[in-house]
Asks: 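Following this message is one structure expressed as structure tokens.
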Amino acid sequence: MATPTHRYVTIDGAEIHYTEWGDPEATPLVCVHGLSRHGRDFDPLAAALADEYRVLCPDMPGRGESEWDPDRYDAASLSSVIVGIFEALELESAHYLGLSMGGQLGIGVVPGPLSERVESLVLVDVGPDPDDDETADEGVQRIVDYLTDPPAFDAFTDLETYFRDVYDTFSPMTDDEWRRLARTSARRTEDGQFTPNYDPRIVEPLLLADDDGDEPDQWALFDAIDVPVMTVKGEDSDILSDATFAEMRDRKPGMETLVVDCGHAPALNVPEQTEPIRSFLGDVA
């Protein structure tokens with residue numbers, strides 16, 4: 001596998017880490033990860049596409065190597081970070097791929113502040129408003145449960161076992177891929193134990209979700225997206241329900257789709273998943 005370059009950029013006073021793959025002069029592809037994950041999740045996808053694209057994979061605040069700041073963990077603040085990355089890196093035209101949380105953020109920024117800068121949108125196992133989708137309640141609660149009070153282990157291999165358990169809905173990965181995921185997802189606590197490398201406070205915006213109707217209408221935002229869209233769905237996903245997926249296709253009849261035999265979420269680690277994305281991006285160009 002090719003190796004990334006690690007870079008850092010300051011957005012509104014916060015240091016953001018990202019990995020960069022491929023030719024700096026190639027068309028950028030910005031990949032934004034899920035709620036408790038980080039940019040290194042896209043290593044397999046980035047390595048596969050680096051021959052054609054400049055793949056940029058940031059860690060959102062509170063995750064990976066980016067700065068912890070609980071004032072930046074809500075959706076509006078995270079969206080501002082994404083816009084800030086486009087501005088800081090002078091990305092005038094790029095593709096956007098978002099997995100889970102990253103896809104939800106994309107539904108907001110692509111038809112909004114990045115409407116003149118994004119050429120296409122790839123949504124990975126997420127649709128508009130999973131928080132309001134009753135069939136996704138169990139999946140959202142599952143994520144909240146493992147985000148809250150993350151465990152710490154004396155032995156690294158115990159942390160790897162934990163990741164294999166909580167992410168057993170991912171599409172299949174090899175032992176080497178699970179070890180890579182664990183190594184890129186671990187940090188040491190003050191007393192030397194291993195724990196997931198995110199700030200436990202990132203769950204607070206989910207627990208304090210606004211119920212008074214002031215949140216943006218994500219279906220209206222989805223309808224407003226006027227660039228080509230591809231959606232990758234886990235067949236047994238508990239986040240992107242069949243009903244939501246069907247409505248997305250009804251609202252955007254030209255939307256490209258890929259269904260993967262897994263739950264939440266496809267790991268984007270094999271040609272059967274990465275090559276359809278390559279084809280979609282190529283068709284956009």
Asks: For residues G108 and P113, report the shortest heavy-atom separation together with the two atoms involved.
Replies: O-CD, 4.1 Å
Asks: Within a strict 4.5 Å, meaning less than it, do heavy atoms of the I16 and Y8 side chains meet?
Replies: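 Heavy-atom side-chain distance check fails, nothing below 4.5 Å.
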Asks: Considering residues, nucleotides and ligands other than D283, do more than 12 of their heavy atoms fall under 6.0 Å from its CG?
Replies: yes
Asks: Measure the CG-OG1 distance between D236 and T169 for me, rounded to the nearest 0.5 Å.
Replies: 10.0 Å
Asks: What I'd like to find out is whether the side chain of V203 reaches to under 4.5 Å of the side chain of V144, using heavy atoms alone.
Replies: yes
Asks: Are R278 and E275 within salt-bridge range, i.e. N to O under 4.0 Å?
Replies: yes
Asks: Around R251, counting heavy atoms of other residues, nucleotides and ligands shown, do more than 12 lie under 6.0 Å from its CZ?
Replies: yes
Asks: With a 4.5 Å limit on heavy-atom distance, are the side chains of H6 and E65 in contact?
Replies: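 H6 reaches E65 side chain to side chain.
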Asks: For D176 and T174, does a side-chain donor sit closer than 3.5 Å to a side-chain acceptor?
Replies: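 No.
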Asks: When rounded to the nearest 0.5 angstrom, what is the spacing between OG1 in T274 and CG in N269?
Replies: 8.5 Å
Asks: Checking side-chain polar atoms at under 3.5 Å, does H95 have a donor or acceptor matched by the opposite partner on S120?
Replies: yes
Asks: Short question: side chain of D168, backbone of F163 - any donor-acceptor pair under 3.5 Å?
Replies: no
Asks: Do D145 and R142 sit within salt-bridge range, that is, some charged N less than 4.0 Å from a carboxylate O?
Replies: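 Looking at R142 together with D145, the answer is no, because their closest N to O distance does not fall below 4.0 Å.
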Asks: May I ask you to decide if D71's main-chain N or O and S77's side chain share a donor-acceptor pair within less than 3.5 Å?
Replies: yes
Asks: Indicate, with yes or no, if the rings of F156 and F194 have centres closer together than 6.0 Å.
Replies: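 Yes: the rings meet the under 6.0 Å criterion.
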Asks: Can a donor-acceptor pair be found, under 3.5 Å and without considering hydrogens, that links the side chain of S237 to the backbone of K233?
Replies: no
Asks: Please work out whether the ring planes of W178 and F170 are parallel, tilted or perpendicular, with thresholds of 30° and 60°.
Replies: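 The arrangement is parallel - the two ring planes meet at less than 30°.
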Asks: Do L240 and M248 touch side chain to side chain, with heavy atoms closer than 4.5 Å?
Replies: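 In short, these two side chains touch, coming nearer than 4.5 Å.
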Asks: Please report the shortest heavy-atom distance between L78 and M101, naming the atom on each side.
Replies: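 Heavy-atom minimum between the residues: CD1-SD, 3.8 Å.
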Asks: Is the closest side-chain heavy-atom distance between F86 and V118 below 4.5 Å?
Replies: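 Counting from C-beta outward, F86 and V118 do come under 4.5 Å.
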Asks: Looking at F245, is R249 sitting on its ring face, NZ or CZ under 6.0 Å from the six-membered ring centre and within 45 degrees of the normal?
Replies: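 Pair R249/F245 counts as cation-pi.
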Asks: Under a 3.5 Å threshold, yes or no: a donor from one side chain and an acceptor from the other, between S93 and E119?
Replies: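 The criterion, which ignores hydrogens and geometry beyond distance, is satisfied for E119 and S93.
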Asks: Are the side chain of H38 and the backbone N or O of T184 linked by a donor-acceptor pair below 3.5 Å?
Replies: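 Yes: the side chain of H38 pairs with the backbone of T184.
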Asks: Indicate whether any N or O donor in one side chain lies under 3.5 Å from an N or O acceptor in the other, for R37 and S185.
Replies: yes
Asks: Go through the side-chain N and O atoms of Y53 and D23 and say whether any donor and acceptor fall under 3.5 Å apart.
Replies: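 Side chains of Y53 and D23: no pair found under 3.5 Å.
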Asks: Please tell me if the side chains of V227 and V284 come closer than 4.5 Å, counting only heavy atoms from C-beta onward.
Replies: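 No. Closest side-chain heavy atoms not under 4.5 Å.
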Asks: For the pair R63 and D199, find out whether any cationic side-chain nitrogen is under 4.0 Å from an anionic carboxylate oxygen.
Replies: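 Judged by the 4.0 Å cut-off on N to carboxylate O distance, R63 and D199 do not form a salt bridge.
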Asks: Flag the pair L29 / C31 as yes when at least one side-chain heavy-atom distance between them is below 4.5 Å, and no otherwise.
Replies: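 SC-SC contact between L29 and C31 confirmed.
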Asks: Please round to the nearest 0.5 Å and tell me the distance separating atom CG of D125 and atom SG of C262.
Replies: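 D125 CG to C262 SG: 6.5 Å, rounded to 0.5 Å.
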Asks: Take F42 and L99 through the side-chain contact (heavy atoms from CB on, under 4.5 Å) test and state the conclusion after the steps.
Replies: CA-CA 10 Å; F42 297 112; L99 189 153; 4.1 Å; yes
Asks: Is any side-chain N of the basic residue among R54 and E25 closer than 4.0 Å to the acidic one's carboxylate O?
Replies: no
Asks: Assess whether side-chain contact (heavy atoms from CB on, under 4.5 Å) is satisfied between Y162 and L159, documenting all intermediate values.
Replies: CA-CA 5 Å; Y162 166 78; L159 178 62; 4.0 Å; yes
Asks: Before you tell me yes or no, could you show the steps for R40 and H33 under side-chain contact (heavy atoms from CB on, under 4.5 Å), namely the whole-Å CA-CA distance, both residues' side-chain angles and the distance that decides it to 0.1 Å?
Replies: CA-CA 9 Å; R40 297 298 303 276; H33 58 78; over 6 Å; no
Asks: Test side chain to side chain donor-acceptor pair (under 3.5 Å) on S241 and T244 and set out the steps.
Replies: CA-CA 5 Å; S241 69; T244 296; 3.0 Å; yes
Asks: Side chains of H17 and D59: any donor to acceptor distance under 3.5 Å?
Replies: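 Checked: D59/H17 side chains pair up, N/O donor to acceptor below 3.5 Å.
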Asks: Got a second to check how far Q273's CD is from L45's CG, nearest 0.5 Å?
Replies: 9.5 Å
Asks: Can you name the nearest heavy-atom pair linking P28 to L56, along with the distance?
Replies: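 Minimum heavy-atom separation between P28 and L56: CB-CD1, 4.3 Å.
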Asks: I need the L123 CG to M230 CE distance, nearest 0.5 Å.
Replies: 10.5 Å
Asks: Can any side-chain N or O of T10 pair as donor or acceptor with the backbone N or O of A14 at less than 3.5 Å?
Replies: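 Answer holds: no.
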Asks: Y18 and V9: side-chain contact (heavy atoms from CB on, under 4.5 Å), yes or no, with the steps?
Replies: CA-CA 8 Å; Y18 66 98; V9 63; 4.1 Å; yes
Asks: Mind checking whether Y146 and Y167 have parallel, tilted or perpendicular rings, split at 30° and 60°?
Replies: perpendicular
Asks: CG of L91 to OG1 of T27: how many Å apart, nearest 0.5 Å?
Replies: 11.0 Å
Asks: Can we say D175 and R164 salt-bridge, meaning some charged N sits less than 4.0 Å from an Asp/Glu carboxylate O?
Replies: yes
Asks: Quick one: is the NZ or CZ of R117 closer than 6.0 Å to the six-membered ring centre of Y96, and within 45° of its axis?
Replies: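 So R117 doesn't make the cation-pi contact.
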Asks: Taking atom types as modelled, find out whether D158 and T161 have a side-chain donor-acceptor pair closer than 3.5 angstrom.
Replies: no
Asks: Just jot down the ring pair (Phe, Tyr, Trp, His ring centres under 6.0 Å) partners of H264, sequence neighbours excluded, or say none.
Replies: none
Asks: Looking at E235 and V259, would you say the former's side chain and the latter's main chain have a donor-acceptor pair under 3.5 Å?
Replies: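 No; zero donor-acceptor contacts below 3.5 Å.
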Asks: With a 4.5 Å cut-off on side-chain heavy-atom distances among I, L, V, M, F, W and Y, is there a chain of contacts connecting L49 to V270?
Replies: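 No: no chain of side-chain contacts under 4.5 Å links L49 to V270.
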Asks: Return the minimal non-hydrogen interatomic distance between P150 and L147, and the atom names on each side.
Replies: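 Distance-wise, the nearest heavy atoms are CD-O, 3.5 Å.
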Asks: Is the side chain of K252 donor-acceptor paired with the backbone N or O of P228 at a distance under 3.5 Å, no angle test?
Replies: no
Asks: Report yes if some heavy atom in the side chain of L97 is under 4.5 Å from a heavy atom in the side chain of V124; otherwise report no.
Replies: yes
